[in-house]
Amino acid sequence: MKNILIIEDDRTLSNGILLTLKSEDYHIQQSFDLSSARQALLKERFELLILDINLPDGSGLNFLKDFRQMYETKVILLTANDMETDIVLGLEMGADDYITKPFSLAVLRARVKSQLRRSSHRMGEVVTVDSFRFDFEKMEYYKGSTPIELSKTEQKLLHILVRNSGKTLSRSDLVDRIWTDGAEYVDENALSVTVKRLRDKLEDDSSKPQYIKTVYGIGYVWEGNKG
């Protein structure tokens, strides 16, 4: 069964989409703002997002930009206008398809089927790096044959770093991505503590890390190569 998340604040439209897709072999969840969508993404793996551009607590396009740094889930954008600039921007930020309002629910259903057929969702991929084996879907992590126990926060940090291997991520960016529960005042020291704990569990010598490198004055980068 395919998991689909509808992120649309118009409850009438969202319910219409839900009913249209309900007859198919899909498990569907609804979020009416970005905050609840982020919570849903932390709890479940989805094969498709149906994402409105205009939401009460932020821009769907900004959400998409951040989302694409972590996930390869298929995304269909819903837009209230057909301005070429909005469509191009959405596609450049990683949307797989778009549909302009008002639209036929039958057309949307066909678009959903098309995207899921081509789905290359890889959030659950197994990543190997040297002696490490990270199964993000099963939440199983190994160094050689030894299992590594990670907290939820450590798992999120590892996932973000590995998915952006070789890319320096700023401290503020990591704080925003890891603590997505609406907390407005997360002390950046919490990130330092999480990095240290993760290094202690992964690195042979955490004082001389080979994988989670500090980029002074900016943030951190994962320097291992994904296998």
Q) When rounded to the nearest 0.5 angstrom, what is the spacing between CG in L64 and CG in L34? A) 11.0 Å
Q) Could you go step by step and tell me if K143 and D204 meet the salt bridge (Lys or Arg N to Asp or Glu O under 4.0 Å) rule? A) CA-CA 10 Å; K143 185 174 184 178; D204 291 331; 2.7 Å; yes
Q.
side-chain contact (heavy atoms from CB on, under 4.5 Å), that's the test. Do Y220 and V195 meet it? Break it down for me.
A. CA-CA 9 Å; Y220 302 95; V195 169; 3.8 Å; yes
Q. Would F136 and L158 count as a side-chain contact (heavy atoms from CB on, under 4.5 Å) if you check the C-alpha gap in whole Å, the side-chain angles of each, and the deciding distance to 0.1 Å?
A. CA-CA 9 Å; F136 291 106; L158 178 63; 4.2 Å; yes
Q: Give a yes or no answer on whether the side chain of Q155 reaches the backbone of L150 with a donor-acceptor pair at less than 3.5 Å.
A: yes
(Q) Check this for me, if you would: do K213 and E223 make a salt bridge, where the nitrogen-to-carboxylate-oxygen distance has to be below 4.0 angstrom? (A) yes
Q) Strictly by modelled atom types, are N189 and S192 linked by a side-chain donor-acceptor pair under 3.5 Å? A) no
Q.
Can you confirm whether L77 sits close enough to L61 that some side-chain heavy atom of one is under 4.5 Å from a side-chain heavy atom of the other?
A. yes
**Q.** Crowding at NZ, K201 (>12 non-hydrogen neighbours, <6.0 Å)
**A.** yes
Q: Indicate yes or no for a side-chain donor-acceptor contact from D52 to the backbone of L55 under 3.5 Å, with no hydrogens or angles considered.
A: no
Q) Looking only at heavy atoms, what is the nearest atom pair of T12 and D10, with distance? A) N-OD1, 3.1 Å
Q. Relative to the ring of F132, is the ring of F134 parallel (under 30°), tilted (30 to 60°) or perpendicular (over 60°)?
A. parallel
Q: Determine the minimum heavy-atom distance between L161 and W222, stating which atoms define it.
A: O-CB, 3.4 Å
Q: Go through the steps for I50 and I7 under the test side-chain contact (heavy atoms from CB on, under 4.5 Å), then give the verdict.
A: CA-CA 6 Å; I50 299 173; I7 310 172; over 6 Å; no
Q | Distance (rounded to the nearest 0.5 Å) between T73 OG1 and L41 CG | A | 7.5 Å
Q. Can you find a pair of side-chain heavy atoms, one from K74 and one from L116, that are under 4.5 Å apart?
A. no
Q | Side-chain H-bond candidate by donor/acceptor type, S35 with D57, under 3.5 Å | A | no
Q: State the CD1-OG1 distance between I218 and T168, to the nearest 0.5 angstrom.
A: 6.0 Å
Q. Hey, are the side chains of Y211 and E203 touching, using non-hydrogen atoms and a 4.5 Å cut-off?
A. yes
Q: Return yes if some donor-acceptor pair links the side-chain N/O of D33 with the main-chain N/O of P56 below 3.5 Å, else return no.
A: no
Q | Heavy-atom closest pair, residues D135 and K138 | A | OD1-N, 3.0 Å
Q) Just how far is it from atom NE2 of H159 to atom CG of N164, taken to the nearest 0.5 Å? A) 9.5 Å
Q | ILVMFWY cluster, F32 and I53 together (side-chain gap under 4.5 Å) | A | no
Q) Can the positive tip of R133 be found less than 6.0 Å from the middle of the six-membered ring of Y141, inside 45° of the ring normal? A) no
Q: Write down the atom of S206, the atom of D200, and the distance for their closest heavy-atom approach.
A: OG-OD1, 3.0 Å
(Q) Hydrophobic clustering (ILVMFWY, side-chain heavy atoms < 4.5 Å, transitive) - are L49 and L91 grouped together? (A) yes
Q: Write down the atom of N54, the atom of D9, and the distance for their closest heavy-atom approach.
A: O-OD1, 3.5 Å
**Q.** Shared hydrophobic cluster for L19 and I99 (ILVMFWY, side-chain gaps under 4.5 Å)
**A.** no
Q. Is it true that I212 and V221 fall in one hydrophobic cluster, defined by side-chain heavy atoms closer than 4.5 Å?
A. no
Q) Has the side chain of R171 got a donor or acceptor atom that lies under 3.5 Å from a matching backbone atom of G219? A) no
Q) Rounded to the nearest 0.5 Å, how far apart are NZ of K43 and CZ of R38? A) 14.5 Å
Q | Basic-acidic side-chain contact under 4.0 Å: K167, D173 | A | no
Q: Taking the side chain as every heavy atom from C-beta outward, state whether I6 and Q29 have any atom pair closer than 4.5 Å.
A: no
(Q) Are K152 and M139 packed together at the side-chain level, in the sense that at least one heavy-atom pair is separated by less than 4.5 angstrom? (A) yes
Q: List for me each residue that meets ring-ring contact (aromatic ring centres under 6.0 Å, His included) alongside Y98, sequence neighbours excluded, and say none if there are none.
A: none
Q | Whether E92 side chain and L89 backbone form a donor-acceptor pair below 3.5 Å | A | no
Q: Measure across S31 and L5 and return the closest heavy-atom pair with its distance rounded to 0.1 Å.
A: OG-CD1, 3.6 Å
Q: Look only at the side chain of E8 and the backbone of S14, and say whether a donor-acceptor pair between them is shorter than 3.5 Å.
A: no
Q | Minimum side-chain heavy-atom gap T79-K101 below 4.5 Å | A | no
Q) Would V193 and K196 count as a side-chain contact (heavy atoms from CB on, under 4.5 Å) if you check the C-alpha gap in whole Å, the side-chain angles of each, and the deciding distance to 0.1 Å? A) CA-CA 5 Å; V193 171; K196 182 181 185 306; 5.8 Å; no
Q.
Could you check whether any side-chain heavy atom of Y26 comes within less than 4.5 Å of a side-chain heavy atom of K113, counting everything from C-beta outward?
A. yes
Q) Looking only at atom types and distance, does a side-chain atom of S104 sit under 3.5 Å from a main-chain N or O of A106, one as donor and one as acceptor? A) yes
Q.
Please determine whether residues I4 and F103 belong to a single hydrophobic cluster, defined as Ile, Leu, Val, Met, Phe, Trp and Tyr linked transitively by side-chain heavy-atom distances below 4.5 Å.
A. yes
Q. Rounded to the nearest 0.5 Å, what separation is found between the CD1 atom of I17 and the CG atom of L13?
A. 4.0 Å
Q. With side chains defined as the heavy atoms from C-beta onward, is the minimum distance between T20 and L108 less than 4.5 Å?
A. no
Q: Please check if any side-chain donor atom of D130 sits under 3.5 Å from a side-chain acceptor atom of Q210, or the reverse.
A: no
**Q.** Short side-chain donor-acceptor distance under 3.5 Å, D205 and S207
**A.** yes
